[in-house]
2 protein chains.
Amino acid sequence: MALKSTLRDRRRLQTSREIQRAALSLALSQGYEGLTTEMIAAEAGISQRTFFNYFLNKEAAIIGETVSFDEETVAWFRESSGPLVPDLLQALRRLLCSSDLDRGMSQLIDRLLNKAPELVPIFYGSLKRLSDQLSDLVVLRLGQDARADADLLAEAISHALADTFRIWANDDAMSPDSIVDVTTARLLVLRGFLDQL
Amino acid sequence: MALKSTLRDRRRLQTSREIQRAALSLALSQGYEGLTTEMIAAEAGISQRTFFNYFLNKEAAIIGETVSFDEETVAWFRESSGPLVPDLLQALRRLLCSSDLDRGMSQLIDRLLNKAPELVPIFYGSLKRLSDQLSDLVVLRLGQDARADADLLAEAISHALADTFRIWANDDAMSPDSIVDVTTARLLVLRGFLDQL
DNA sequence: CACAACTATGCATTCTGTGCAATGTTTGCT
DNA sequence: AGCAAACATTGCACAGAATGCATAGTTGTG
């Protein structure tokens, strides 16, 4: 079950990114209002029908594909006996390492979210998917009874991470490796607030 | 600029709630898949066109209207010299007090989210609106420079609150007044996790 | 009452999203 | 290489979502 990279898989990934690039660049130049799936398909050099083979809807094309923890990371996390939260951050480090980050794309997304704020809720809806994965990890260690607590922690971490992504996207000097470090700093800020309770 | 309750306003609110009730009950009985705006309109006793006069889209009808802080609360918060986070929670208390909560409706939403998990991201996208309001409050006190920190805190609080709502919806013995108390307890759990850093 | 502001609705239209069937491409197997 | 299964692309048809516009009715106000 190793990761086999066939021609088909490579093309699929490439087409998927090309569609997202087309969607983002058109949304930025022409505005998200009035952007149609036909325009995106034309810009990406595919048919409208094929567009819908790749993405369930227009928003999904803007957001792009969701990353996932690989099995090794999940296994490592479950077996680790270190403290929970630092281990979660370590898992995130692995995730960011395996998924090759594209700063240019992140920059486009950030600019689009500034230009078309109506997309922000959609983006946060999609962030929920990452949060769910984090929550699943926590439950692996603490058990299903801790699901509610796990959700809460996962939300905080995923939002701190999303926050960090915007910083990283706009700072060419910032290394991808330091993303999780900055995320940790953001979480410490949050803890500072909660110390008021 | 007091709150005048004309016949028009009352009817509007009533129709809006009737539409949401129709949408929720149909989604629960027939399934969200295959639920059309025409069905909702028919069940609510209005035309499809009128449905779209009340809600921007089908999802918005399910979620219902978003609550807002009233001007007095905003003014009170800005002038208060108490610690930030407890004041935020106090503002939430006022918000929940003024918006008359409907446990039955919240219960329906909770059941629907369990039955149709594809709606969860949409719900979280809408929760962002409340979060934005909280963030605006924080910025009133700390200034625009603290926007990023404000967002982070607001996200944590709003998710803790959403969490509490689900508990409240399913526990008839729980008083609406205690919602913010439970939310505070949830935030303390979160702080406990973050103490691992 | 008279007039402005708002509401409901029908109709036409554009866009989204899905199912299906036909045709072509890639893969794995012998 | 040759073959069959799996997968990808596309066109077409169609149901549903959402908007603009015109019209007729209702409510608020002086």
Side-chain angles (χ1 to χ4, degrees), chain A residues 1-24 26-27 30-65 116 118-119 121-122 125-126, chain B residues 1-24 26-27 29-65 116 118-119 121-123 125-126:
Chain A
M1 265 301 174
L3 41 142
K4 57 180 172 187
S5 164
T6 66
L7 174 61
R8 235 174 226 170
D9 292 335
R10 268 172 284 131
R11 279 205 184 150
R12 191 160 186 88
L13 184 62
Q14 189 185 332
T15 305
S16 161
R17 296 219 166 142
E18 176 58 22
I19 294 174
Q20 190 188 6
R21 193 207 55 75
L24 284 171
L26 283 177
Q30 323 268 350
Y32 183 72
E33 280 286 302
L35 175 66
T36 72
T37 56
E38 288 202 40
M39 291 163 65
I40 300 172
E43 172 81 13
I46 55 166
S47 76
Q48 193 202 29
R49 191 62 188 78
T50 300
F51 172 91
F52 283 110
N53 285 343
Y54 278 84
F55 294 100
L56 275 171
N57 49 51
K58 206 168 53 169
E59 287 86 25
I62 296 276
I63 303 296
E65 297 174 336
E118 71 269 25
L119 288 175
I122 291 164
S126 130
Chain B
M1 263 300 174
L3 40 144
K4 58 180 168 186
S5 164
T6 65
L7 173 61
R8 238 174 223 168
D9 292 335
R10 268 173 284 131
R11 279 206 183 149
R12 192 163 183 87
L13 184 63
Q14 188 185 331
T15 305
S16 161
R17 296 220 165 142
E18 177 58 22
I19 294 173
Q20 190 188 7
R21 193 208 54 76
L24 284 171
L26 283 178
S29 62
Q30 323 268 349
Y32 183 74
E33 279 286 301
L35 175 66
T36 72
T37 57
E38 288 202 39
M39 290 161 66
I40 301 173
E43 172 82 12
I46 54 167
S47 75
Q48 192 203 29
R49 191 62 188 79
T50 300
F51 172 91
F52 284 109
N53 284 345
Y54 277 84
F55 294 100
L56 275 170
N57 49 52
K58 205 169 52 169
E59 287 85 27
I62 296 276
I63 303 296
E65 297 173 336
E118 71 268 25
L119 288 175
I122 291 164
F123 181 77
S126 130

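Letters go in sequence order (proteins before strands), and every chain restarts at 1. Because the structure is a prediction, the values reported are computed rather than measured.
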Q.
Contact list please: residues 49-56 of chain A against DNA chain D, heavy atoms, distance less than 4.0 Å, in numerical order.
A. A:Arg49, A:Thr50, A:Asn53, A:Tyr54

Q | Residues from residues 29-45 of chain B lying under 4.0 Å of DNA chain D - heavy atoms | A | B:Leu35, B:Thr36, B:Thr37

Which pair of non-hydrogen atoms, one from [X] and one from [Y], has the smallest distance, and what is that distance?
X: B:Ile63; Y: B:Gln20; value: O-NE2, 3.3 Å
X: A:Asn57; Y: A:Phe52; value: CA-CE2, 4.3 Å
X: B:Ala116; Y: B:Tyr32; value: CB-CB, 4.2 Å
X: A:Leu13; Y: A:Glu65; value: CD1-OE1, 3.9 Å

Q.
Are there over 12 heavy-atom neighbours, none belonging to B:Glu33, within less than 6.0 Å of that residue's CD?
A.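 Atom CD in B:Glu33 is not packed in, count stays at 12 or less.
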
Q: Inspect the surroundings of CD in B:Gln14 and state if more than 12 heavy atoms from other residues, nucleotides or ligands are less than 6.0 Å away.
A: no

Q) Quick one: CD1 on B:Ile46 to CD1 on B:Ile19, what's the gap to the nearest 0.5 Å? A)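 Answer for the CD1-CD1 pair, B:Ile46 versus B:Ile19, is 3.5 Å.
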
Q) Taking CD from B:Gln48 and C1' from D:dG16, how many angstroms apart are they, rounded to a whole number? A)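 To the nearest whole Å, that distance equals 8 Å.
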
Q. Could you state the CZ-P distance from B:Arg10 to D:dT26, rounded to the nearest angstrom?
A.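 Going from CZ in B:Arg10 over to P in D:dT26 covers 18 Å.
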
Look for any protein N or O under 3.5 Å of an N or O in nucleotides 1-6 of chain D and output each such pair with its distance, or none.
residue : atom : partner : partner atom : Å
D:dA6   : N3   : A:Arg8  : NH2          : 3.2

Q: Return the 5'-most residue of the pair A:Arg11, A:Glu59 with respect to DNA chain C, ranking by each residue's nearest nucleotide.
A: A:Glu59

Considering only [options], which nucleotide approaches the side chain of [X] most closely?
X: B:Lys58; options: D:dA18, D:dG28, C:dG10; answer: D:dA18
X: A:Leu7; options: C:dT9, C:dT26, D:dT10; answer: C:dT26
X: A:Asn57; options: C:dT9, C:dG17, D:dA18; answer: C:dG17

Side-chain polar contacts of residues 34-45 of chain A - donor-acceptor pairs under 3.5 angstrom, sequence neighbours left out - could you list them?
residue : atom : partner : partner atom : Å
A:Thr36 : OG1  : A:Glu38 : N            : 3.4
A:Thr36 : OG1  : A:Met39 : N            : 3.1
A:Thr37 : OG1  : A:Gln48 : NE2          : 2.9

Q | Close residues, residues 12-20 of chain A, relative to DNA chain C [heavy-atom separation under 4.0 Å] | A |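 Contacting residues: none.
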
Q: Check whether the side chains of A:Asn53 and A:Thr50 place a donor and an acceptor atom closer than 3.5 Å, and report yes or no.
A: no

Q: Have a look at the helix from C:dC1-D:dG30 to C:dT30-D:dA1 and give the angle its two end axes make, five pairs each, rounded to 10 degrees.
A: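 Here the local axes at opposite ends form an angle of 40°.
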
